[in-house]
Protein chains: 2
Amino acid sequence: MQDGTFLSLDYPNVTTSKRGDVFARNCPTRQLLDRVGDKWSILLLGMLGEGEMRFSALKRRVDGISQKMLAQTLRTLERDGLITRHVEPTVPVSVTYAITPLGRELLGALQWLIDWAETRMSAVAQAQVAYDLRMAV
Amino acid sequence: MQDGTFLSLDYPNVTTSKRGDVFARNCPTRQLLDRVGDKWSILLLGMLGEGEMRFSALKRRVDGISQKMLAQTLRTLERDGLITRHVEPTVPVSVTYAITPLGRELLGALQWLIDWAETRMSAVAQAQVAYDLRMAV
DNA sequence: CCATCAGGTTTCTAATGGAAACCAAGTGTG
DNA sequence: CACACTTGGTTTCCATTAGAAACCTGATGG
């Protein structure tokens with residue numbers, strides 16, 4: 001990875017940018033981060049990776065998510081083609097969400113992140129303690 | 001990935017949790033997402049992955065970051081042991097940030113995400129257009 | 001004596017997130 | 001008939017956060 005390939009200074013009014021301009025506003029990675037860079041998107045995608053699930057089940061099982069953020073995030077994920085929404089006209093209506101192949105691809109890429117967290121977050125916690133001690137002097 | 005291993009309902013007052021409880025508040029992945037789940041952390045880590053860099057250089061090259069968020073995010077990353085901060089007592093003072101081995105590990109895991117974005121964000125964009133057309137009817 | 005540099009911090013405002021209330025449609029209950 | 005209850009949301013309101021811009025520090029050159 002060299003300087004000129006991974007970076008760019010100004011990158012105005014571009015919707016498709018060449019590989020590697022990760023720090024410019026309109027590069028694919030920035031678009032991804034602006035969209036699913038939040039924890040609820042990632043957690044919901046992970047959840048639906050286990051199998052389709054209804055709104056209320058998602059709400060129960062993704063610890064701490066508000067109904068508003070759940071609805072909002074699901075709609076964004078659906079719009080992005082990462083999940084599908086299926087309405088069954090029962091009474092009361094039941095709505096099922098499922099991951100798409102595209103979503104599953106993304107989840108695959110996220111799995112490395114999850115694995116890293118599982119094994120290395122303890123090191124991060126340690127680093128925090130050390131930092132706080134240094135700064136408390 | 002099965003139901004009981006990846007999930008958990010309530011997970012109160014736990015700082016170390018067993019592998020896989022990705023949706024509980026105190027699992028490692030949630031901790032990671034709460035911390036470096038924001039785009040600035042990821043972008044700065046990616047930037048410093050290319051080599052050490054000074055505050056002003058980071059500000060110039062990470063498109064759109066404010067000075068406040070830059071300072072704030074760098075301090076969090078330093079506290080987490082993902083980057084280091086070195087002050088050279090020149091005049092004016094020059095401060096250099098560099099990635100740590102731990103940070104580089106995390107960056108490695110993030111690379112899969114970046115790669116996915118580079119190749120598949122166009123599919124996401126397409127899905128958006130299709131969704132907006134469906135909904136406009 | 002003032003402007004300039006890097007590397008921040010402070011201040012103020014705009015946008016966002018979360019909690020809780022509300023809603024719609026249909027069904028069961030007294 | 002009136003009322004409560006279900007799911008899957010939306011709305012409202014308030015607290016937190018992000019961002020823009022001004023300010024600060026300390027030495028140095030004009």
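Only this structure's heavy atoms are used, side chains among them; waters, hydrogens and symmetry mates stay out. Protein chains get the first letters and strands the later ones, always in sequence-line order, with residue 1 at the start of each.
Taking the 5' to 3' direction, DNA chain D first and last meets chain B under 4.0 angstrom from a heavy atom at D:dA18 to D:dT28.
Distance B:E78 CD to C:dG7 C1': 14 Å, rounded to the nearest Å. Atom-to-atom, CD of B:E88 to C1' of C:dC5 comes out at 16 Å; the value is rounded to the nearest Å. Look at CE on A:M69: it is 17 Å from P on C:dA20, rounded to the nearest Å. When rounded to the nearest whole Å, the span between CG of A:D34 and P of C:dT16 equals 11 Å.
A 4.5 Å side-chain heavy-atom check between B:V95 and B:R54 finds every atom pair outside the cut-off. Between A:L106 and A:L102, the closest side-chain pair of non-hydrogen atoms is not below 4.5 Å. Here the side chains of B:L70 and B:F55 are in contact, with some heavy-atom distance below 4.5 Å. With a 4.5 Å cut-off on side-chain heavy atoms, A:Y97 and A:M53 do not count as touching. Inter-residue side-chain proximity for B:Q111 and B:D115 is flagged as met; some heavy-atom pair is nearer than 4.5 Å. At a threshold of 4.5 Å between non-hydrogen side-chain atoms, the residues B:R35 and B:R79 count as touching. Looking at A:M47 and A:L58, their side chains come closer than 4.5 Å, going by heavy atoms from C-beta outward.
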(request) Apply side-chain hydrogen bond (donor to acceptor under 3.5 Å, both in side chains) to A:Q128 and A:D132, showing your working. (result) CA-CA 6 Å; A:Q128 281 178 29; A:D132 292 347; over 6 Å; no

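Of the possible polar contacts, one joining the A:T76 side chain to the A:Q72 backbone as a donor-acceptor pair under 3.5 Å is found.
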(request) Would you give a per-nucleotide map of nucleotides 25-30 of chain C, 5' to 3', where B means the base has a protein non-hydrogen atom under 4.0 Å away, S means only the sugar-phosphate does, and - means neither? (result) -SS---

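No salt bridge links B:D38 with A:K39; every basic N to acidic carboxylate O contact stays at or beyond 4.0 Å.
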Close N/O contacts between protein and nucleotides 9-13 of chain C (under 3.5 Å):
from  : atom 1 : to    : atom 2 : distance (Å)
C:dT9 : OP2    : B:R75 : NH1    : 3.1

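Under 4.0 angstrom from either OP1 or OP2 of C:dA6 there lies no side-chain N or O belonging to B:R54.
Cluster membership check: A:L133 does not share its hydrophobic cluster with B:L77, using side-chain heavy-atom separations under 4.5 Å among Ile, Leu, Val, Met, Phe, Trp and Tyr.
Taking for each of B:S66 and A:A57 the nucleotide of DNA chain D with the nearest heavy atom, the 5'-most of the two is the partner of A:A57.
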